[in-house]
Amino acid sequence: MPELPEVETIRRDLEQYILNLRIKKVTAISSKVLRTSLKNLQKKLLNTHITAITRRGKLLIFSLHDEKHHLLIHLKMTGQLIYRTKKFLIAGGHSLGQRIGGLPDAYTRLILTFQNGAELFLNDMRLFAYAHIVDHPTLEKTLSAFGPEPLSSDFTKNYLEIILKKRQTSIKAILLNQTLIAGIGNIYADEVCFAAGIRPDRKASTIKKDGVARLHEAIITILPLAITKRGTTFNSYVDGTGKKGNFVSHLQVYGHGGKPCPRCGTTLQKKKVAGRGTVICPQCQK
DNA sequence: CCTTGTGTTCTCCG
DNA sequence: CCGGAGAACACAAG
C-alpha cells in the first residue's frame, strides 16, 4: 500500500531520472488503468518531456513541457512505478536479449519509453491504479479535494484539533480521510495512533488537547522517518527503481496483531476500525 | 472469506 | 422531509 512516504520515495527517485527525457513510445498493455484514451495519452506524451514531478497525498503529478497538461498516476493498493535504464534492460545479453529484473512482467499495464532507451513501467496486480491526463482546471479541481499535506506548515496542531473536535467518527476514520489530511493510509494510521497512545477506534471528539498534540507530533515524526527509510514494503510496494523500502522493521503495530506490544508486552489486538484491519495495544492506547 | 484506496451509494439522525 | 455525516459497498486478484 503506497502511502505518503512510499509515494514520496518514488517521486524523489523518478525526479532524479526521468525529468527532461523525451518520451518516444507509450505502450498500454491493459487499457483498464487508463482514465483517458490511449490515443490521447500518446498525443499528449509523445515527443515531449516531463518538467516536474510533484505529489499531493498519494497522487503523483507529472507536469508536461507544454505547460498545459499533467500526467496523473495513482498507485492505489498494489501499483508500482519502476524506472529501468536501457543498460539494465538489456544487461547480461548472454540469454538472447532476455530482460533481467523481470520487466515487463505479467502485471505491467503501461510503459513509457524514453529517447535514451530507458523505460518507466506502471505495474499493478489488481488494476486499481490509474494514469490520467488532465489540464490545469481539472488538476486544480482534483487537488482542491485534498486536505492539507501533513508535512506542510498548513498542518498545524490547531487544525488537527478543529477537525477532531466536532466529529462523531473514530480517529482512525479521520486519519484515513484524504479530504481532511492527505496521504495517510492504513499502515501509518495505526502507527501514528500507537505512537500517540490513542486507540484508533476512539471517538475523535473525545480526544483532549494533550492527545491532539501527541497525534500531531506522531504524524510529523513518523512520516518523515518512513521517508528516510524509503517506505514500508509489506506486500507489493517498491521504490522508483524496483527496490524494497526499509521501514517495515520499524513498524510497531501494523502487521503485528497477536504479538506482544513492543512497549509493554501486552498482546496486540486486531479488530476492524473504519472498515480496515487495525492493530491496537489495549494497555498503551487509551 | 480476507486484504485495502478511493469513488459511489446507502442509511441514519437531527 | 432535507441535508449532511458516516457507514457500507464496489472494484480486483491472490
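Reminder, nothing fancy here: chain letters follow the sequence lines and each chain counts from 1.
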Could you give the distance separating C:dC9 and B:dC1 at their P atoms, to the nearest angstrom? 12 Å
Look at the side-chain N and O atoms of A:Arg167 and state whether any lies under 4.0 Å from the OP1 or OP2 oxygen of C:dG6. yes
Is any side-chain N or O of A:His74 closer than 4.0 Å to OP1 or OP2 of B:dG5? no
Between C:dA12 and A:Thr78, is there an OP1 or OP2 to side-chain N/O distance shorter than 4.0 Å? no
Take the protein atom CZ of A:Arg126 and the nucleotide atom P of C:dA12, then report the distance between them rounded to whole Å. 12 Å
Other residues, nucleotides, ligands: >12 heavy atoms within 6.0 Å of A:Lys209 NZ: no
Given C:dG14, is OP1 or OP2 found less than 4.0 Å from the side-chain N or O atoms of A:Tyr107? yes
Nearest to the side chain of A:Lys32 - C:dA13, C:dG6, C:dC11? C:dC11
Integer-rounded Å distance: C:dC11 C1' and A:Arg35 CZ: 11 Å
Check whether NZ of the Lys or CZ of the Arg A:Arg84 lies under 6.0 Å from the centre of the six-membered ring of A:Phe88 and within 45 degrees of that ring's axis. yes
Can you tell me how the ring of A:Phe155 sits relative to the ring of A:His216, calling it parallel under 30°, perpendicular over 60° and tilted otherwise? parallel
Spacing between A:Leu72 atom CG and B:dT6 atom P, to the nearest angstrom: 13 Å
Would you kindly give the NZ-to-P distance between A:Lys271 and B:dT3, to the nearest whole Å? 14 Å
A:Thr206 side chain near A:Lys203 side chain, heavy-atom distance below 4.5 Å: yes
From C:dA10, C:dA12, C:dG6, pick the nucleotide closest to the side chain of A:Arg276? C:dA10
Between P on C:dA7 and NZ on A:Lys203, what's the gap in Å once rounded to a whole number? 11 Å
If you check every side-chain atom of A:Gln178, which of B:dT3, C:dG6, B:dT6 has the closest atom? B:dT6
Each base of DNA chain B marked ( ) or [ ] if paired in-strand (Watson-Crick or G-U under 3.5 Å), | if paired to another strand and . if unpaired gives .|||||||||||||
A:Phe234 ring center within less than 6.0 Å of A:Tyr254 ring center: yes
Please give, in whole Å, the distance from C:dA7 C1' to A:Asn177 CG? 13 Å
Counting heavy atoms from C-beta on, name the nucleotide in C:dG6, B:dG5, C:dA13 closest to the side chain of A:Asn186. B:dG5
Spell out, as yes or no, whether a donor-acceptor pair under 3.5 Å connects the side chain of A:Gln283 to the backbone of A:Arg263. no
So which one's nearest nucleotide on DNA chain C is more toward 5', A:Ala173 or A:Phe128? A:Ala173
Please report the distance, rounded to the nearest Å, between CG in A:Leu180 and P in C:dA5. 10 Å
Sub-4.5 Å side-chain heavy-atom contact between A:Asp124 and A:Tyr107: no
Report yes or no: does A:Glu149 contribute a side-chain atom to a donor-acceptor pair with the main-chain N or O of A:Gly57 at less than 3.5 Å? yes
Atom-to-atom span, NZ of A:Lys272 to C1' of B:dC2 - whole angstrom: 7 Å
